[in-house]
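I have placed the structure first, in the form of structure tokens, so that the comments after it can refer back to it.
What you see is a predicted model, and the numbers here were worked out from it, not measured in a lab.
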Amino acid sequence: MSRRTVFAAGLTVFALFVGSESISAMRGAREVPAQWSAVAGFGAAPGQPDGLSVVVPAPRPAPSVDDTNDSRPPPAGTATPGASPRPTVDPGLLQRRTGNRQVAITFDDGPHPQWTPLILDELRTAGVKATFCLVGAQVRRYPALVTRIVREGHTLCNHSWGHELDLGLLPEAEIRANLLRTTKEIHRVVPGAPVEHFRHPAGAWTPAAVAVADELGMVSLDWDVDPRDWDKPTKDQLIEHIQTESRLGSVILLHDGGGDRSATVAALPTILQELRQRYGIMPLGANLSP
């Protein structure tokens with residue numbers, strides 16, 4: 001065999017070796033787990049040589065939101081990553097009790113064309129008056145229900161225009177405009193109806209929200225019993241929670257809007273009967289009924 005033939009054979013073996021190593025390296029680079037994505041960058045990640053791409057977890061899709069599930073913000077004083085802590089509010093500035101023996105039942109997020117009439121029917125059958133915390137946009141959509149609420153002797157509470165969870169974090173001028181718009185819409189439907197309370201959506205109170213409500217002549221209405229009927233409990237779970245947690249002067253939070261309230265409607269007859277027998281039930285604020 002000539003020297004030329006030997007040299008050519010050596011080059012072939014070397015090429016095959018290098019090629020296989022290159023292919024293995026390329027295959028390893030492509031076999032990234034499906035839950036990760038490669039993001040090219042000009043800078044280097046800590047501990048990585050300059051100019052290398054950084055592999056980071058692929059972002060998860062945002063959870064879908066529908067009208068059957070309520071979103072609740074973090075409790076006051078807590079923070080989400082990268083956000084400032086929510087300002088805390090002096091509990092003494094919030095009304096969480098009725099101030100006497102009787103308890104109060106409040107309904108948030110309505111009026112709703114399906115659930116509000118059913119709840120009003122149960123209240124009328126039981127001879128009980130409640131307080132409805134109204135969302136301004138819902139008042140505009142369903143004015144006849146607001147008229148019925150007032151006509152049947154229930155009282156009204158301002159619950160913001162569009163159930164804005166972070167309303168209290170806005171400048172005071174924007175909070176004021178929101179609350180004034182809501183009360184104006186209520187008075188367009190039921191002129192002269194007292195609106196003596198404001199309840200911040202989800203109870204996400206801030207000093208600014210309380211201050212604006214006070215300036216507008218409204219008491220900041222909170223609660224001390226929350227059976228979380230927005231979290232899809234059963235009828236029996238609702239009844240048990242309210243039986244266990246209620247006491248003299250409790251303000252009880254329920255909902256007539258914002259999602260499926262069938263369990264709330266089903267539980268109401270038992271809840272109303274027991275609370276009326278144990279404590280008595282009163283509305284909060286004044287009403288226009290005779």
Side-chain angles (χ1 to χ4, degrees), residues 62-67 69-96 106-112 116 131-143 145-146 149-150 155-223 226 230 251 253 255-259 284-286:
S64 60
V65 177
D66 58 48
D67 64 358
N69 292 288
D70 302 64
S71 297
R72 292 296 185 267
T78 63
T80 54
S84 300
R86 184 177 293 274
T88 56
V89 174
D90 179 357
L93 299 176
L94 306 176
Q95 180 178 354
R96 290 177 168 157
T106 64
F107 294 94
D108 282 15
D109 300 353
H112 188 280
T116 303
T131 299
F132 285 81
C133 298
L134 304 177
V135 173
Q138 294 295 98
V139 173
R140 174 168 290 184
R141 293 186 184 102
Y142 309 109
L145 290 176
V146 180
I149 289 169
V150 172
T155 58
L156 306 180
C157 167
N158 185 317
H159 197 39
S160 81
W161 179 259
H163 203 267
E164 297 87 353
L165 296 178
D166 285 336
L167 177 63
L169 298 178
L170 299 177
E172 288 193 10
E174 294 185 39
I175 300 172
R176 185 179 301 106
N178 185 297
L179 301 193
L180 285 172
R181 183 185 184 191
T182 303
T183 297
K184 181 178 179 180
E185 187 64 28
I186 292 172
H187 284 158
R188 185 185 68 81
V189 177
V190 281
V195 183
E196 299 181 357
H197 292 85
F198 165 65
R199 174 173 282 166
H200 196 293
W205 296 103
T206 64
V210 173
V212 171
D214 181 66
E215 173 195 325
L216 297 178
M218 292 185 289
V219 175
S220 293
L221 177 61
D222 206 63
W223 59 84
D226 178 10
W230 49 269
V251 173
L253 171 64
H255 294 78
D256 65 323
L284 296 168

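- With contacts defined as side-chain heavy-atom distances shorter than 4.5 Å, the pair M218/L179 qualifies.
- Within the 4.5 Å cutoff, no side-chain heavy atoms of C133 are placed close to those of H197.
- Rounded to the nearest 0.5 Å, atoms NE2 (H200) and CG (L221) are 13.5 Å apart.
- Counting heavy atoms from C-beta outward, V190 and L156 have side chains that approach closer than 4.5 Å.
- E164 and N178 share a donor-acceptor pair across their side chains, judged by distance under 3.5 Å alone.
- Within the model, atoms CG of L134 and NE2 of H163 stand 12.0 Å from one another, a figure rounded to the nearest 0.5 Å.
- For T183, the side chain to side chain donor-acceptor pair (under 3.5 Å) partners are N158, not counting sequence neighbours.
- Between P201 and L165 the shortest heavy-atom distance is CB-CD2, 4.1 Å.
- Remark: the backbone N or O of W161 is paired with a side-chain donor or acceptor of T182 at under 3.5 angstrom.
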Going through the checks in order, is the side-chain contact (heavy atoms from CB on, under 4.5 Å) test met by V251 and R96? CA-CA 6 Å; V251 173; R96 290 177 168 157; 5.9 Å; no
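- Closest heavy-atom contact between A193 and V150: CB-CG2, 4.4 Å.
- Under the side chain to side chain contact (heavy atoms under 4.5 Å, CB included) rule, D108 has a single partner from D256, L253, T131, which is L253.
- Among residues two or more places apart in sequence or in another chain, the side chain to side chain donor-acceptor pair (under 3.5 Å) test is passed with D226 by none.
- Residues R199 and W223 meet the side-chain proximity criterion, which asks for heavy atoms closer than 4.5 Å.
- Taking every heavy atom of both residues into account, S220 and A213 meet most closely at OG-CB, 3.9 Å.
- Remark: side-chain polar atoms of Q138 are paired, donor with acceptor, to backbone N or O of P111 under 3.5 angstrom.
- Between S160 and L167, the closest heavy-atom pair is CB-CD2, 4.0 Å.
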Before you tell me yes or no, could you show the steps for L216 and V212 under side-chain contact (heavy atoms from CB on, under 4.5 Å), namely the whole-Å CA-CA distance, both residues' side-chain angles and the distance that decides it to 0.1 Å? CA-CA 6 Å; L216 297 178; V212 171; 4.1 Å; yes
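- Expressed to the nearest 0.5 Å, how far CZ of R181 lies from CD1 of I186 amounts to 12.5 Å.
- With contacts defined as side-chain heavy-atom distances shorter than 4.5 Å, the pair Q95/V219 qualifies.
- Using a 4.5 Å heavy-atom cutoff, the side chains of T206 and V210 are not in contact.
- Every salt bridge (charged side-chain N to carboxylate O under 4.0 Å, His left out) that R188 has, sequence neighbours left out, goes to E185.
- Residue I175 comes nearest to A209 through the heavy atom pair CD1-N, 4.0 Å, listed as atom of the first residue, atom of the second, then distance.
- When the ring-ring contact (aromatic ring centres under 6.0 Å, His included) test is applied to F132, the partners found at least two apart in sequence or on another chain are F107, H154.
- Interatomic distance, CG of L93 versus CH2 of W205, reported as 10.0 Å (0.5 Å rounding).
- Residues passing the salt bridge (charged side-chain N to carboxylate O under 4.0 Å, His left out) test with E215 are R176, sequence neighbours excluded.
- Note that the CZ atom of F198 and the NE2 atom of H159 stand 8.0 Å from one another [nearest 0.5 Å].
- Once rounded to the nearest 0.5 Å, the distance linking CG of L180 with NE2 of H187 reads 11.0 Å.
- Take E196 and apply the salt bridge (charged side-chain N to carboxylate O under 4.0 Å, His left out) test, not counting sequence neighbours, and it matches no residue.
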